[in-house]
Amino acid sequence: DTGVSQNPRHKITKRGQNVTFRCDPISEHNRLYWYRQTLGQGPEFLTYFQNEAQLEKSRLLSDRFSAERPKGSFSTLEIQRTEQGDSAMYLCASSPSTGGEAFFGQGTRLTVV
Amino acid sequence: AQSVSQHNHHVILSEAASLELGCNYSYGGTVNLFWYVQYPGQHLQLLLKYFSGDPLVKGIKGFEAEFIKSKFSFNLRKPSVQWSDTAEYFCAVIPPLNNNDMRFGAGTRLTVKP
């Protein structure tokens with residue numbers, strides 16, 4: 001499968017713990033996006049990378065959230081000191097060009113208990 | 001606030017019925033428009049997109065959408081739905097002057113009864 005891959009698929013964590021998710025985009029795509037989706041809502045933009053540079057962050061991304069894409073390939077999203085409100089599906093997408101179609105992974109479902 | 005609106009939260013149809021799902025956006029200027037579908041347990045997949053040109057766009061699986069600039073709308077249509085079209089459908093917009101932020105509507109859940 002050469003699509004966008006996300007790991008893990010599911011994560012259950014206790015409140016206050018740190019979690020890290022990984023996204024492997026389609027290999028030739030230089031753009032990578034993170035979204036969050038809660039029940040009954042569409043995906044909400046969190047942040048965006050072009051190659052290794054993080055070019056935009058949403059106001060939704062609090063100081064507890066950090067994302068990296070160190071070599072311009074895979075990306076990680078870390079949430080520190082998780083809260084119950086962080087429970088959501090975290091989606092990664094990649095695209096080859098500005099304004100173009102984004103290809104989505106299957107997401108990581110986070111449950112904070 | 002600027003947004004993407006999908007008016008129908010849940011639509012239930014019988015097989016062979018015609019489908020129209022509404023999508024309106026509130027951004028002025030030139031936008032890029034998309035419809036994505038999410039089948040149960042699967043990732044979001046692109047159905048169709050509009051960047052410019054013919055405002056009637058044809059996508060996969062018999063879906064089409066019409067961009068009406070004066071109405072800020074991009075409604076999705078299919079003349080005859082199948083049970084396999086049961087899924088969640090999301091309208092998305094890339095606003096003008098911001099190619100990094102695809103804004104999604106809240107989605108419409110379509111249930112097709114066999």
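Convention: sequence-line order gives letters A, B, ...; per-chain numbering from 1.
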Shared hydrophobic cluster for B/V81 and B/Y39 (ILVMFWY, side-chain gaps under 4.5 Å) | yes

Sort and list the pairs that fulfil salt bridge (charged side-chain N to carboxylate O under 4.0 Å, His left out) and have at least one residue in residues 85-94 of chain B, not counting sequence neighbours.
-> B/K78-B/D85

B/I68, CD1 atom: more than 12 neighbouring heavy atoms under 6.0 Å | yes

Does one hydrophobic cluster hold both A/L77 and A/F74, with members joined at side-chain heavy-atom distances below 4.5 Å?
-> no

Applying side chain to side chain contact (heavy atoms under 4.5 Å, CB included), run through B/F104 and A/Q37 and close with a yes or a no.
-> CA-CA 10 Å; B/F104 285 81; A/Q37 186 178 16; over 6 Å; no

When rounded to the nearest 0.5 angstrom, what distance separates OH in A/Y35 from CZ in B/R103?
-> 9.0 Å

What residues, two or more places apart in sequence or in another chain, satisfy side-chain hydrogen bond (donor to acceptor under 3.5 Å, both in side chains) together with B/E66?
-> B/R77

Just jot down the side-chain hydrogen bond (donor to acceptor under 3.5 Å, both in side chains) partners of B/Q38, sequence neighbours excluded, or say none.
-> none

Please round to the nearest 0.5 Å and tell me the distance separating atom CG of B/L46 and atom CZ of A/F103.
-> 7.5 Å

Determine whether more than 12 heavy atoms belonging to other residues, nucleotides or ligands lie under 6.0 Å from atom CG of A/L39.
-> no

When B/Q45, B/H43, B/Q42, B/K49 are compared by non-hydrogen pairs under 4.5 Å with chain A, the top option | B/H43

Main-chain N/O of A/A102 paired with B/Y36 side-chain donor or acceptor, under 3.5 Å = yes

Transitive ILVMFWY side-chain link A/F45 to A/L55, under 4.5 Å | yes

Smallest separation among heavy atoms of B/F90 and A/Q41, with atom names = CE2-O, 3.9 Å

Proximal to chain B - members of residues 105-113 of chain A, heavy-atom separation under 4.5 Å | A/G105, A/Q106

State plainly whether one hydrophobic cluster holds both B/I60 and B/L56, where clusters connect Ile, Leu, Val, Met, Phe, Trp and Tyr through side-chain heavy atoms under 4.5 angstrom apart.
-> no

